[in-house]
Amino acid sequence: MRFGRTKNTENIMNIKVIAFAISLLVASSFAFTAELKPNILIFYVDDLGWQGSQLNDVDKPCNYETPNVLKLAEQGMNFTQGYSAAPTCAPSRAGIITGQHPGKLRYTHVLFDRITTGKASEEFVEPYLGSHLQLDALTLATALGANGYNTGHVGKWHLGLSSSLFGFDFSHEERGVHRKTADRTKDFATVDDPKYPLSKKKYPPFSDKNPDGISYPYDDVTETALKFIGESDDKPFFLYLAHWMVHWPAMTRNGELLEYYCDKLGQPFPPKPGPMSIPGQNNPYFASMVSTVDWSLGRVLDYLEKTDDPRNKEKKLIETTYVIFTSDNGGALMHGKEVLSDNTPLKYGKSNAEEGGVRVPMVITGPGIPRGSEFDGPVNQLDYFPTILNLTQTTIAPEAWKNLGGLDITPVLLDGAEHIVDAQGEARKNLFWHFPHGSTSMRSSLREGDFKLHKNYHTHDYSLYRLYKDGKRHDLEEANDLAADPEYAPLLKTLSEKLENHLVENQVEGPYLNPIYTNKTKPAAEIQTVKYDSEKKESRLRLTSESPALKTAYVIYRDKPGAETKKSKTDFDVRIGVKIPATITASGKIIKARIPKGIEAWCFLLIDENNYQIYSDIEVIK
């Protein structure tokens, strides 16, 4: 990843230059057609699994009540095999906002600028990602903004820096009602709460104790989103509404809602202090978060239904707005000793490439989409970018199109198409994921037809599962591995070759070999010296003479130890934490990198010809 250099005033100037360069990629027409350009609203939930709502109930009924998710599905199309771009938060968000595969972006986890070196017992180490999304990445906000849209982001960003630097006219990244309390068993909002006053209006759920419903605390995320919509005036809007829930911490400020779920789940109210440990969907705090997100969705839908589109008073906003509801990854199962939720029958959850980590709820509603419809084929959130471009008549440069990882699903939404096809009319054959992280969860995966293939890095083998058979559920649990069955050997070979082609074509990164692994069979590069020339402003690293040559080298500018704790939210340098290519001399044993003004600390990141990843110590200017 390559980024520019900014600091304070220089930050602003360079960011403007980057924004101008991006605008040259966008070839949009500003002239509105006779028909209104539709509004776009992405309602993005954090850590809500495929079985985390009443939408796709299989086997046991979902314990969480989500009437507004069901209402949305009644108004549009439910994608029963919806997938996130990655099994964790940041890469999925990067995928949705840029349309590029996280593997291609080399942004595959939430590590940011964390340096992880691995243990002596671990053969592989995860790649270094960088502190933020590339500043020169073309985003939905940039593309739609160039087409006359008012663009807004409310809620969680989690891509480094601020969404305001990535094309959004309006950015509001506060947590709202999902802010940790001192004691979650009793710290509930009241009617006169200065920050979270309870609503006068009553909402579901209804019960014998509260036959008229319950109040909800004020949520800054929801209310700010509604305000943004209301202030878009005569422009179409694009709103990326990204809730912080139902991520940890598992908590609620709504005492009535928590009491409702304690009663429903047969648990005492208030709950006892400590972790919730009952298996399944029995955590009343988590259930309350799900219902709070559903309440927020209901507030948004109600506003759209009752509010005129200011561009055409004869239409309500619900008639001119496409609403996309989904989650960033599969459900989180545990946090420490606390049981959060359950993705059964899907295998595992967040941070895993199995179905439980990447299959998510997905509903799209809007003009022309049949009410109460379903699509049962695989759909990826990477499909949103090209689809939104089509729905909004927004065009981007051909070279930008080539970077997109998804396909336009407009024919499915509006024309009843049974297959998702590419620009040549060929049906999409597969989806893939790349997650080179975690000691046992390092996998690349492929979904094609009925089958799911996993490349398991830590065991040097493949797993193959048949999720469906003859259009019916077969092994969603991924319990019966077919990889060793001779009958499936030809299929295993074919699918593994397709997966490898995806990995090569997208130039994915990692995992790398661990240089301190006890049982390594090949030598790893060893650093002999690192020196700094203050006159040349250059750092030079030398390897030992016995070291294998280097394949790739980077310098990573770092905060001076201790300085990172003193930085304010607006005091940032976009160079910090980003990989900058370093120069490898002809011998392959010496690396040189410039250390520019304002940088006080740095380290080198090396990949040698045997595929080992090596970090130097952090150097500090004396």
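Side-chain contact annotation: T108 with H434, donor-acceptor N/O pair under 3.5 Å absent. Side-chain contact of N254 with T252: a donor-acceptor pair under 3.5 Å is absent, judged by distance alone. Under the 3.5 Å distance criterion, with hydrogens and angles disregarded, no donor-acceptor pair is assigned to the side chains of T387 and D383.
More than 12 heavy atoms of other residues, nucleotides or ligands lie within 6.0 Å of NZ in K202, so this atom counts as buried by the packing criterion. Environment of OH in Y457: crowded, with over 12 heavy atoms of neighbouring residues, nucleotides or ligands closer than 6.0 Å.
Taking the charged nitrogens against the carboxylate oxygens, D219 and R253 have no contact shorter than 4.0 Å, which rules out a salt bridge. Remark: R466 does not engage D485 in a salt bridge, criterion side-chain N to carboxylate O under 4.0 Å. The pair D59-R473 meets the salt-bridge criterion, with a side-chain N (NZ, NE, NH1 or NH2) lying under 4.0 Å from an Asp/Glu carboxylate O. With salt bridges taken as basic N to acidic carboxylate O contacts below 4.0 Å, one links E223 and R299.
Here OH of Y107 is found 11.0 Å from CZ of R93. Values are rounded to the nearest 0.5 Å.
Here the shortest heavy-atom pairing between A250 and R184 reads O-NH1, 2.9 Å.
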Dump the intermediate steps for side chain to side chain contact (heavy atoms under 4.5 Å, CB included) on K156 and R175, then the final yes or no.
CA-CA 7 Å; K156 188 172 182 177; R175 298 188 68 96; over 6 Å; no
